[in-house]
Amino acid sequence: MSKYEREIEEILRKIDDGRPPTMSERVRPQANRKPTPIRSRRQMGTLRPEVGLLAGFVIAFLAQTARWIMQPASGTMADTAIGAAVLLGFAVIVLTLVLHWTGGNRSMGVGWR
């Protein structure tokens, strides 16, 4: 009879007795197990939403400030570059909001009732 068959028969015998297993009987099988390593669930490349929002606002604000200071003529390369920077800032803000909302990171706190 193998070791496992003996353990199974011992467990079945104890179940038939109707008595709960003692503490040493519960601990003994666990003492032979190797501990499993704890794996942290870390997502690479993710930023906090506050960082994304702040970056988007800073990009858009600096581009709009440059447009106000320089006041480039319509249709020039500077006007196009500044407009692209403003759109980039807006895109960063919208992308941050969408990714945060779809990522399931919504707070479970008390809301409006």
| query | What are the two closest heavy atoms between Ala63 and Val86, and how far apart are they? | reply | CB-CG2, 3.5 Å

| request: Any pair with a residue in residues 56-66 that passes side-chain hydrogen bond (donor to acceptor under 3.5 Å, both in side chains), sequence neighbours left out, goes on the list, sorted by first then second residue, please. | output: none

| task | Supply the members, apart from Tyr4, of the Ile/Leu/Val/Met/Phe/Trp/Tyr cluster built from side-chain contacts under 4.5 Å; use none for a lone residue. | result | none

| query | Cluster partners of Val98, using ILVMFWY side-chain heavy atoms under 4.5 angstrom, listed by chain and number? | reply |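 Joined to Val98, directly or through intermediates: Phe90, Val94.
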
| side chain to side chain contact (heavy atoms under 4.5 Å, CB included) involving Ala78 - partner list, sequence neighbours excluded | Met70, Pro72, Thr76

| said: Restricting to side chain to side chain contact (heavy atoms under 4.5 Å, CB included), what partner residues turn up for Ile93, sequence neighbours left out? | reply: Leu53, Phe57, Leu97

| said: Working to the nearest 0.5 angstrom, can you tell me the gap between Arg6 CZ and Ile8 CD1? | reply: 11.5 Å

| message | Working to the nearest 0.5 angstrom, can you tell me the gap between Ile82 CD1 and Leu87 CG? | response |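 Taking CD1 in Ile82 and CG in Leu87, the distance rounds to 12.5 Å.
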
| query | Is the side chain of Glu5 donor-acceptor paired with the backbone N or O of Ser2 at a distance under 3.5 Å, no angle test? | reply |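 Indeed, once roles are kept as given, a pair shorter than 3.5 Å links the two residues.
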
| query | What salt bridge (Lys or Arg N to Asp or Glu O under 4.0 Å) pairs are there with at least one residue in residues 80-97, not counting sequence neighbours? | reply |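 Not a single pair qualifies under salt bridge (Lys or Arg N to Asp or Glu O under 4.0 Å).
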
| said: Show every salt bridge (Lys or Arg N to Asp or Glu O under 4.0 Å) that has at least one partner inside residues 75-86, sequence neighbours left out. | reply: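 Those involving residues 75-86 are Arg67-Asp79.
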
| task | Among Thr96, Leu99, Leu54, find the one that has a side chain to side chain contact (heavy atoms under 4.5 Å, CB included) with Pro49. | result | Thr96

| task | Using the test side chain to side chain donor-acceptor pair (under 3.5 Å), find all partners of Glu50 that sit at least two apart in sequence or belong to another chain. | result | Arg48

